[in-house]
Trainee: 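Handing you a structure now.
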Amino acid sequence: MTATDRKLVDTQVYAFFAAVLVVLMLLFGFFIDSADSEQRRLVQVEMSLVAREAAHIAVPQLRANNTDVLQSSLDEILAHHDVSYLAVLDMRSGLTISAPAGAKATGASSDRMSITLPLQSGDQRLGTLVLEKDLMKSSEAQSVGKHLALSLGALSALIAAAWAGLRFFVITRRSKDVNHARPFSTLAAITSPFLERDHPDFAALRPDQVAAIVRQSGFTMALVLSNGAFLVSSIWSQVPQWILITWVGVVGSLAIASLRVWLRNRHRPLPAEVSRATLRRITYQAGLLGLAWGIALSVFFASVDTNSRFVLIALGLGMAAGGTATLASVPSAALAFTSAILIPALLRFATLEGDGFATLAILCILFAGSMSAFLAQAYHSFARNVLARQAQARQAETIALVLNTYEEQASDWLWETDDKQRFVSPPERMEHLFGHKPGTLANLKLTAISPDSQREGWPQLMHAFSNQENFRSLVIRTVDLDGQDRWISLSGRKQEEGGWHGVGSDVTIRETALIQLRDAMEEAKSASRATTAFLAATSHELRTPLNAIIGFSQLLESVEVPPEKTKDYLQTISGAGTHLLNIVNGILEMAQIEAGQKTLRCEEIDVVNVIQEAIEFLSLQSETAGTNLRFTHPKIAATVTADPQALRQVLLNVIGNALKFTPAGGVVDIEVVIEDEETVVVISDTGIGIAKEDVKRVLQPFAQVDDRLERRYDGTGLGLPIAKGLIDIHNGSFSIESHPGEGTRVRIGLPRSAEMPRQIAQSG
């Protein structure tokens, strides 16, 4: 804090206490003046009683004309009562009987009070009674010095009682977990807002101090306004109305200002930091409001009757007690409010004469001590509770930080639900893995966070929750916030109070590896089955031509074969060799494609020419099978960049396969469709068709729908896989649509763009 700031703080403090001192001085002057008026009133009451006693004695004596007896009676009354002059004037004889004898009346003045009382017997007036008393000589009349001495003595006693209550009557033991006791010292808390620097723990308390005041200010100010209205209605006819209206304006303004602060801040969160200036403002406002009630208790007291005085005392002390309890969180404000009520009341009672006023002054002193003790105890408890809560919050933050660090560094996290199975403070990592944004998983049930309750592991989790069974390492499948599949391992235990707690772990890597391992094993098994099928198929396909070659060769060697038979045998041997060569070439072709070693020699070709070449080559097979082979020419040129030999082989394999599986009388249609990005060749047949679940199978090498050795249709099952592989190398598309008994439709798409196919060997 700079020197300028410190000066500003000192100026505020000095101005406040100077204003309070001026008010007290003005009140003290009023107290002395009103005390003198009160004293005159009391003397007048006393003289009225003495005059009535004297009149009661004088009337019979006047009727009997017993002058000597009357003189003796007056002397006796004068001796027993502290009066200066007592006389009876006999109207019948004009004689004046006075005590002391021979004295004369001086009349009323500033130093003497006089009472004149008529003496009557029935309707007959006998005389007049005159009674005078010298005020300066009265033992009850007090001087200014005595007023001042009594006031200072009473004020000192009140300060001592308040200090003792603040200092010694805290019965709660100081907390051992706080290094310094100053935060629990009410005296230190009172001076803290006015110091340049204070203990750091006071700064930690200030937000809770202000919050406690603001939370209660609405009800407190409403009570102040209602008590003020009750007070004004009780003394409206006894106190000058302009004074009451002024007082109501001051109290109402202060109360309304506090209500506005309450309305503006009642729903706001607890501030993170509060300055000492805020506590000073609260102290000043409390002191002003308390001073308004102190003035009411002291100033109005002189003008009202006895019953209204009881109302003033009850309201004043009640407001002091209520203010101490309400403002206990800010001891400086509580002390300012209570002192501003009790000090004027104490000075009022100390300057008045009477049996009850001294008692009231002592009551104010004892009340100040008890309220100070209550304030010290209440503030001590408040400070302990706030500091303990803040310590717990810091511990919770530390634990949360440790847990967050653990959850960030480790693959596990902790989860907990309440007795209704709703999540309590779930970690952000868990929210992300379960596909929820941060902050949205809280208060949701664990069984309600899955997008599909039938996904892997969720039925078992539902069963465990419904049957209140603990579970361990239960793997469930979820979808994270990024839309990726996740596998979560959950362990949970039922708590006695009804909730659940446990550990979660992201086991996606492990489960993915297991799935990949299972897929690899399945692929290995599939490859093994394919190899077995290949060996079975090739052994059958190879054995047939080899048997033909070997058999006819042995016939040519062992016997004399006629020339016409020799030619047939040689043709059979040549056909078998050609068939054998085609099988071997197909196997090698498939091996090259799968190994990625197949190269293409691409050029710009007309698809129609290649199709016509394939039809011409397969015309004999078509005629032999009795199948009608039809080709629909496109209306525009169908030019693509491709390897003509590879494309020819694709068409031969697909069309030949369609002819082979189409019964006699069936039709094989070939159509060319020009699309935006592809030139498509569609080959449709009316053959036996393929089941939907077998379409993928026929595109695998060495696989056929019927793998039995006694198959009806010969072949190694490489035709369609080779065709698809060659089209894939061209960056094209190859698809099959088929229904059993309805035929098959093969769609071959070649890209029309300038993008070159893969695995190209440039020609020339």
Trainee: Looking at OG of Ser332 and CZ of Phe337, how far apart are the two atoms once the value is rounded to the nearest 0.5 Å?
Mentor: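 Spacing of OG (Ser332) from CZ (Phe337) equals 14.0 Å.
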Trainee: I'd like to know whether Arg281 forms a side chain to side chain donor-acceptor pair (under 3.5 Å) with Thr278, so could you lay out the CA-CA distance, the side-chain angles of the two residues, the decisive distance to 0.1 Å, and finally the verdict.
Mentor: CA-CA 5 Å; Arg281 286 194 297 271; Thr278 303; 3.2 Å; yes
Trainee: Among all residues two or more places apart in sequence or in another chain, which pass the side-chain contact (heavy atoms from CB on, under 4.5 Å) test with Ala212?
Mentor: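 Counting only residues at least two positions away or on another chain, Ala212 forms a side-chain contact (heavy atoms from CB on, under 4.5 Å) with Arg215, Gln216, Ser329, Phe382.
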Trainee: Under the side chain to side chain donor-acceptor pair (under 3.5 Å) criterion, do Ser733 and Glu678 qualify, and how do the steps go?
Mentor: CA-CA 9 Å; Ser733 60; Glu678 286 185 330; 3.1 Å; yes
Trainee: Listed by chain and number, what are the side-chain contact (heavy atoms from CB on, under 4.5 Å) partners of Ser226, not counting sequence neighbours?
Mentor: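 Ser226: side-chain contact (heavy atoms from CB on, under 4.5 Å) contacts with Leu223.
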Trainee: Sequence neighbours left out, what passes side-chain contact (heavy atoms from CB on, under 4.5 Å) with Gln516? Give chain and number order.
Mentor: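 Gln516 satisfies side-chain contact (heavy atoms from CB on, under 4.5 Å) with Thr512 once adjacent residues are dropped.
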Trainee: Once rounded to the nearest 0.5 Å, what's the spacing between atom CZ of Arg745 and atom OG1 of Thr686?
Mentor: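 It comes to 15.0 Å.
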Trainee: For Ser738 and Gly743, indicate whether the former's side chain and the latter's backbone hold a donor-acceptor pair under 3.5 Å.
Mentor: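 Checked: pair present.
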Trainee: Got a second to check how far Ile727's CD1 is from Leu750's CG, nearest 0.5 Å?
Mentor: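 Taking CD1 in Ile727 and CG in Leu750, the distance rounds to 4.5 Å.
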Trainee: Nearest heavy-atom pair of Tyr379 and Pro331: which atoms, and what distance?
Mentor: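 Heavy atoms only, the tightest pair is CD1-CG, 3.4 Å.
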Trainee: Kindly compute the distance separating CG (Leu327) from OG1 (Thr220), expressed to the nearest 0.5 Å.
Mentor: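 Output value for this atom pair is 7.5 Å.
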Trainee: Answer whether the closest heavy-atom distance between the side chains of Ile683 and Val681 falls below 4.5 Å.
Mentor: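 They are in contact (side-chain heavy atoms under 4.5 Å apart), so the answer is yes.
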Trainee: Distance-only, no hydrogens or angles: does the Asn657 side chain make a donor-acceptor pair with backbone N or O of Asn653 under 3.5 Å?
Mentor: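 No, Asn657 side chain to Asn653 backbone: no donor-acceptor pair under 3.5 Å.
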